[in-house]
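In what follows, a structure is listed as structure tokens, so that the remarks can point back to it.
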Amino acid sequence: MIRRSKTAARNQLTPEKIRRSVASSTAIETGEPTAVIEARLKSGKRRFPQLSLAD
């Protein structure tokens, strides 16, 4: 039997956590501030709106 700790329920993956992770990773690679990248991701404005992710 596998028991899950109480912290497992709190460590849910949310869109905000994904956004912050992507922003910080991109900031490391580009040297751009994390806050700027995160704001750009939050805006929802897409650079190439005609492209979509694979299903």
Side-chain angles (χ1 to χ4, degrees):
M1 174 185 252
I2 298 174
R3 292 185 182 194
R4 294 186 179 179
S5 66
K6 292 181 181 181
T7 58
R10 288 185 276 179
N11 292 333
Q12 294 293 323
L13 191 58
T14 64
E16 292 162 0
K17 288 182 180 180
I18 294 171
R19 191 179 303 121
R20 177 160 301 271
S21 175
V22 170
S24 64
S25 175
T26 304
I28 291 169
E29 293 177 12
T30 64
E32 197 173 2
T34 305
V36 172
I37 297 170
E38 196 170 352
R40 192 178 320 131
L41 290 171
K42 282 182 181 179
S43 75
K45 184 178 178 184
R46 294 179 57 185
R47 188 171 178 186
F48 300 104
Q50 70 275 16
L51 299 178
S52 63
L53 296 175
D55 290 329

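Applying the side chain to side chain donor-acceptor pair (under 3.5 Å) definition to pairs two or more places apart or across chains, none involves residues 42-51. Under the side chain to side chain donor-acceptor pair (under 3.5 Å) criterion, the residue pairs touching residues 21-35 are Glu32-Arg40, with sequence neighbours excluded.
Scored by the salt bridge (Lys or Arg N to Asp or Glu O under 4.0 Å) test, Arg19 finds no partners at all (sequence neighbours excluded). With sequence neighbours excluded, no residue satisfies side chain to side chain contact (heavy atoms under 4.5 Å, CB included) with Ser52.
Side-chain heavy-atom separations under 4.5 angstrom define the hydrophobic clusters, and the remaining members of the one that includes Ile18 are Leu13, Val22, Ile37, Leu41.
The two residues Ala27 and Pro33 make their nearest non-hydrogen contact at CB-C, 4.3 Å.
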